[in-house]
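The structure's right below; bear with me while I get my questions together.
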Amino acid sequence: IRNLFAGIEFLRYLEGEKHILFLSENGLALPGRRVLEPGWSAVGIEAQKQYVDFASLAADARVSISPIGTGGLTTRWAAGVFVAANASRRDNYALAEQTGGLASFYRFADQAVDRIDRATRFQYLLGYYPEATTWDGGFREIRVAVNRPDVTLHFRRGYFAREELVPYDRREFMSHSRIMAAATDSRPIRDVRLTISEPVVGAGADRTLEVEVVIDARDLSFGTSAGGERVAALHVAVFVGDRREALIGEQWDVVDLRFDEATYARLQGQAFPHRLKVALSGAPAHVKVVVYDYRADRIGTAERALR
């Protein structure tokens with residue numbers, strides 16, 4: 001579900017109708033209509049205000065989701081397993097219907113993809129004025145009907161009544177999406193090599209943590225500005241957790257590197273430091289730093305436990 005949220009977050013500010021093909025062995029177990037957890041990225045945080053379910057969130061972003069089951073028939077025929085499998089299938093068909101997608105189970109995936117390809121080759125764009133004119137942030141349902149027989153309609157079933165749309169900033173959006181995905185991944189990522197120093201925790205009421213990250217310049221992608229300078233765009237984020245792995249502090253920095261040719265030549269094969277300071281709301285136990293090179297779309301992570 002986290003990966004699907006990241007996919008919706010990536011697509012929601014792009015123009016036009018978007019499609020996600022979700023392939024899994026047993027389908028998607030939907031979270032249902034409930035308040036989403038804070039750690040589920042910016043889209044999840046926004047969704048908390050609207051008490052939305054997963055399908056409504058995708059529909060609002062004009063993202064249709066088509067689940068494709070790759071596990072074949074259920075081979076364990078115990079009553080509980082069979083009922084759970086059928087419930088999961090129903091959830092996935094409901095998700096596809098709500099977002100305007102197509103669900104497919106118990107058939108080969110090439111047939112499902114061909115069906116989606118044929119169904120998305122032609123579409124109508126409909127517009128209307130809603131009767132409710134208040135921008136209250138609530139979910140507005142959409143219903144489309146035709147009087148022609150034997151026609152199946154696929155359309156998104158609603159949107160959130162928000163007066164202001166978040167403007168699309170590709171760099172900011174991509175950086176946030178990549179960093180959040182890396183922050184929740186337990187595996188180390190070394191596309192950008194980095195090391196972090198022993199964190200220093202301050203004392204007193206305003207408790208802070210300072211850590212220095214050393215970034216290998218050989219892994220960064222530099223372009224050339226109009227003035228002939230070598231430039232790179234980095235986003236550096238640090239996340240601090242307590243012994244229960246709850247987030248107690250975070251800091252996001254934007255690092256725009258600009259070097260003349262002489263400095264750039266000296267930098268090759270070297271590393272450079274960047275220091276971050278984080279305000280804490282508890283006792284820190286471990287630190288994770290994520291570095292994202294926007295130009296090259298590369299990520300690096302490093303973690304360290306506090307002594």
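Index from 1, following the sequence.
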_If the condition is side-chain hydrogen bond (donor to acceptor under 3.5 Å, both in side chains), which residues does D256 pass it with, not counting sequence neighbours?_
R171

*More than 12 heavy atoms of other residues, nucleotides or ligands under 6.0 Å from CD of E141: is that the case?*
no

*asked:* Please find the pair of heavy atoms, one from A58 and one from I65, that lie closest to each other, and give the distance.
replied: CB-CD1, 3.8 Å

*Would you say R304's side chain and I196's backbone share a donor-acceptor pair under 3.5 angstrom?*
yes

*If you draw a 6.0 Å radius around CZ in R243, do more than 12 non-hydrogen atoms from other residues or ligands fall strictly inside?*
no

*Is there a path of hydrophobic side-chain contacts, each under 4.5 Å between heavy atoms of I, L, V, M, F, W or Y residues, that connects I116 with L95?*
no

_When you compare the side chain of L306 with that of L209, does any pair of heavy atoms fall below 4.5 Å?_
yes

*Not counting sequence neighbours, list each pair that qualifies as a ring pair (Phe, Tyr, Trp, His ring centres under 6.0 Å) and has a residue in residues 261-286.*
F222-Y264

*If you look at every heavy atom in V63 and T99, which pair is closest and at what distance?*
O-CB, 3.5 Å

*Report whether F105 and I68 are members of the same hydrophobic cluster (ILVMFWY, side-chain heavy atoms less than 4.5 Å apart, transitive linking).*
no

*Given the side-chain rings of Y292 and W252, with only the six-membered ring counted for Trp, is the space between their centroids under 6.0 Å?*
no

*Does any non-hydrogen side-chain atom of T195 lie less than 4.5 Å from one of V213?*
no

*Ignoring hydrogens and geometry, is there a side-chain-to-backbone donor-acceptor pair from T70 to S24 under 3.5 Å?*
yes

*Would you kindly confirm whether L280 and V289 end up in one hydrophobic cluster when ILVMFWY residues are joined by side chain heavy atoms under 4.5 Å apart?*
yes

*With a 4.5 Å limit on heavy-atom distance, are the side chains of H154 and L102 in contact?*
yes

*So, K288 side chain and A182 main chain: donor-acceptor pair closer than 3.5 Å or not?*
yes

*For the hydrophobic clusters of this structure (ILVMFWY residues joined by side-chain heavy atoms under 4.5 Å, transitively), does one cluster hold both L194 and L257?*
yes

*Should Y159 and I142 count as side-chain neighbours, where that means a heavy-atom distance under 4.5 Å?*
yes

*asked:* Looking at D219 and R298, is there a salt bridge between them, counting it only when a charged N and a carboxylate O are closer than 4.0 Å?
replied: no

*Short N-O contact, D60 and R156, less than 4.0 angstrom*: no

*Using atom types as modelled and distance alone, determine if a side-chain donor or acceptor of E245 lies under 3.5 Å from a backbone N or O of G241.*
no

*Identify the heavy atoms of A61 and K18 that sit nearest to each other, and give their distance.*
O-NZ, 3.0 Å

*T224 side chain to G228 backbone, donor-acceptor under 3.5 Å*: no

*E250 and V238, any side-chain heavy atoms less than 4.5 Å apart*: no

*Does the T208 side chain pair with the main chain of A279, one donor and one acceptor, at a distance under 3.5 Å?*
no

*Answer whether the closest heavy-atom distance between the side chains of R258 and R230 falls below 4.5 Å.*
no

*Looking at S56 and Q98, what are the two nearest heavy atoms and their distance?*
OG-NE2, 3.8 Å

*asked:* Tell me whether R115 contacts the main-chain N or O of A103 through its side chain, where contact means a donor paired with an acceptor under 3.5 Å.
replied: yes

*Do you know the tightest heavy-atom contact between D242 and A285?*
C-CB, 3.5 Å

*Please answer whether the main-chain N or O of V290 pairs with a side-chain N or O of T301 as donor and acceptor at a distance below 3.5 Å.*
no

*Results of salt bridge (Lys or Arg N to Asp or Glu O under 4.0 Å) for R244 - residues two or more places apart only*: none

_Give me the atom names and distance for the closest heavy-atom approach of I215 to V236._
CD1-CG2, 4.4 Å

*Is it possible for you to say whether F22 and V113 belong to one hydrophobic cluster, with membership spreading through side-chain heavy-atom contacts below 4.5 Å?*
no

_So I20 and S64, do their side chains get closer than 4.5 Å, heavy atoms only?_
no

*Please say whether the positively charged group of R157, taken as NZ for Lys or CZ for Arg, lies over the ring of F155, i.e. under 6.0 angstrom from the six-membered ring centre and within 45 degrees of the axis.*
yes

_Within the 4.5 Å heavy-atom criterion, are V151 and R148 side-chain neighbours or not?_
yes

